[in-house]
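Structure, as structure tokens:
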Amino acid sequence: MQRNIKKAVLSLMLAGLVLVQELPVYAQTQWYDDSDIVRADISYEDMEYVGYDPAYAYTLIEEMRTLSQEPGNEEQINTNYDLMGMELDKMYTQQALNQIRYYRDVNNEEYASIDTELQQIYRDVVDQFLQVVRDVLCTEYRESFGAHIGDEEMVEDYLDYEDMTEELQALLDEENALEQQYDQASMAEYTVTIKGQKWTEASYNEAIEELTWREMLAISTALDRAKNEAICPIFLDLVKNRNARAQIYGYDNYAEYAYTDLYNRDYTIEEIKSVYAAVKEYIVPVLAEVEEHVFAGNLDELLYMDHLTEDYVIDVVGQHMGDIDPALAEVYQYMVDHHLYDIDYDPNKMNVGYTTTLYEYQEPFIFNTPDYSYYDLETMIHEFGHYNEAFHAGTTLITDVTNMDVAEIHSQGLELLYLEYADDVYGEGLGDTARQMVLYQMLYSVIDGCLYDEFQNAVFAADHEMTEEEVNQLFRRLSEEYGYVYYDTEDEAYDWVDVPHTFSSPMYYVSYGTSALAALDIWTIAMEDRQAGIDKYMELTTYGLTTTYCELLEKCGLKSIFEEGTIQEIAQAVADYSSDLAAGEESGRDESFGGYDEDEAFNNSMWERFGNELTSDDIFGTSGLDMIEDFVEMHTYVMLGAELLTAVTILIIIGVLSSKEKKK
């Protein structure tokens, strides 16, 4: 496994902690041995952001340098190194605590300012620390100090460290400022004027039931375009910034740097291209099949679940954790007892879901912004997969090397195992629709993981600085290759700016795809033998995140996604299960959206409402009219009414999927 201290540690850019009296909290089960982990055993309510003063860290660093110039100071040098590790954990935890409150109130200028200040302090302290460790290793203490560090590869990385330059410091500061600009721009309200009437996202959502299909399309496209015009320039500045940093590190572009060093991948950009092709050929068609089954179920009840309070979500998800394995139930109960989550609603919260580790406390924390749909339940299951991994990791900031392709198997694998309990988790009569929807989203993760990776690869590797128009056209073209369908006549796509990973952690997104394929492989095992699938998942979680993706698949006996036929087999297994599930459903369709072929009054009312729009040309022009006429020739008036309603539903689902992206 490759560790690069300069790049991996500095890329975290998070900070700090409050000193507490630690109590040992041990957990030893069939799968995990946490006897060496010292947990603070403290609830989130008792944690407090108090800031961070780096004076003690600088003192420790200077002492290490002074001690290394005289013989006989092995013990004190080693002690100072350990104390510095604790200081880095404190900084990270303070940064994380401030980030939680910043995400709760994303427009709070004080919290944003503190975040910037802590990152600047953190980078300087880390730079000074890495310099002194490198310099001590170059003295007579090389053998004793290296033995204390205990990892020869890490020692070599320390020795390779190059001092932070003013140029690199400036680029990191600029990157942080641009990311904050994105946070605020993504939460801003945008206003557009359509035929003399002003629209915002809020007014559009309020009026959507009264709007015609073409009005909806015109307004939503205009709102997406306005948001894109504000955010795309930020993206282009980030691309320029990150490519400049990658070149300092010795890479041609940021995509190459991220694959090699930042995400510790053991596959290359060239190798992943075969996955792109297989996903387009095999996964995209299956997604369309599963989508049909989703629309035939009780979809509206999944999308609108007003009863999903914080307590309800915590309780209903926790009910079956022990059915998978008692070790998971034990960790879940610890999380609940210490309230290590923030999943309630607040209008000022950033629209994200993630899990972070408060290193000094050795306690993970889950953050999510709910939208009162099935997704709140699914996100809780997903994030607890991350939580369980972090709980057992026992790493410090220095020793924590994360492979994101592996990390997402922990979360997505748990989501798929939870399909067994969908009737209880999602509610009576909703289980089969929820199963279809989770599979739909798993395939969606594979497709979007590859789409956004191919998109970002192309932008970072472009032979010129792309324009906003070129970027939007690129995404439109690639997304259509991955099965996206657009109902407008433009050649650009705008809503890719809604995915925060593109701005905060580019080249991350493919991890959702690679991990989902591995998770689906585990799920296929569980379909044949439930306990065998659970055991395979639990075995995988014992490896943590220090094992690389291909290495982990081999160790656990899972199929390689880079071998011909693997993705096709997984796609076929999902297609068969989804079809069998649909055939076995008693209702066969959601009556609130279905029954089109039997309800003549409904069909007539739909055509009366939309017929005039489909034969006018005041919005789309001649090309739009031709498109609609071709459509009418292919379908009866009855099915046209159904398709229009389905299209509206697609917009709702895509909004749910794209606006609630998960990140760790």
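Below, each value reflects all heavy atoms present in this structure, side chains not excepted, and no hydrogens, waters or symmetry copies. In this chain, residues are counted from 1 in sequence order.
- Annotation: ring pair (Phe, Tyr, Trp, His ring centres under 6.0 Å) contacts of Tyr141 (sequence neighbours excluded): none.
- Side-chain atoms of Tyr103 do not come within 3.5 Å of backbone N or O of Thr369 as any donor-acceptor pair.
- Between Asp34 and Arg39 there is a salt bridge, since a side-chain N of the basic residue sits under 4.0 Å from a carboxylate O of the acidic one.
- In summary, the aromatic rings of Tyr341 and His339 are positioned with their centroids under 6.0 Å apart.
- For Lys240 and Tyr254, the positive end is not near the middle of the six-membered ring at less than 6.0 Å and at most 45° from its axis.
- With sequence neighbours excluded, no residue satisfies salt bridge (charged side-chain N to carboxylate O under 4.0 Å, His left out) with Asp105.
- Residues passing the salt bridge (charged side-chain N to carboxylate O under 4.0 Å, His left out) test with Glu152, sequence neighbours excluded: Arg142.
- For Tyr44, the ring pair (Phe, Tyr, Trp, His ring centres under 6.0 Å) test picks out Phe365, with sequence neighbours left out.
- Asn78 pairs by the side-chain contact (heavy atoms from CB on, under 4.5 Å) definition with Phe145, His148, not counting sequence neighbours.
- Residues meeting the salt bridge (charged side-chain N to carboxylate O under 4.0 Å, His left out) test with Lys227, sequence neighbours left out: Asp498.
- With ring centers used as reference points, Tyr509 lies under 6.0 Å from Tyr452.
- Not counting sequence neighbours, the partners of Asp346 by the salt bridge (charged side-chain N to carboxylate O under 4.0 Å, His left out) test are Arg104.
- Legend: residues meeting side chain to side chain donor-acceptor pair (under 3.5 Å) with Tyr312, ordered by chain and number and at least two apart, are absent.
- Every residue two or more places apart in sequence or in another chain that forms a side chain to side chain donor-acceptor pair (under 3.5 Å) with Asn80 is listed here: Glu63, Gln76.
- Ring orientation note: the planes of His386 and His382 are nearly perpendicular, at an angle over 60° on the 30°/60° scale.
- With sequence neighbours excluded, the residues that form a side chain to side chain donor-acceptor pair (under 3.5 Å) with Tyr259 are Asp453.
- In this structure Arg242 satisfies the side chain to side chain donor-acceptor pair (under 3.5 Å) test together with Glu175, Glu179, sequence neighbours excluded.
- Qualifying ring pair (Phe, Tyr, Trp, His ring centres under 6.0 Å) partners for Tyr182, counting only residues two or more places apart in sequence or in other chains: Phe503.
- For the pair Gln456 (side chain) and Met507 (backbone), a donor-acceptor distance under 3.5 Å is present.
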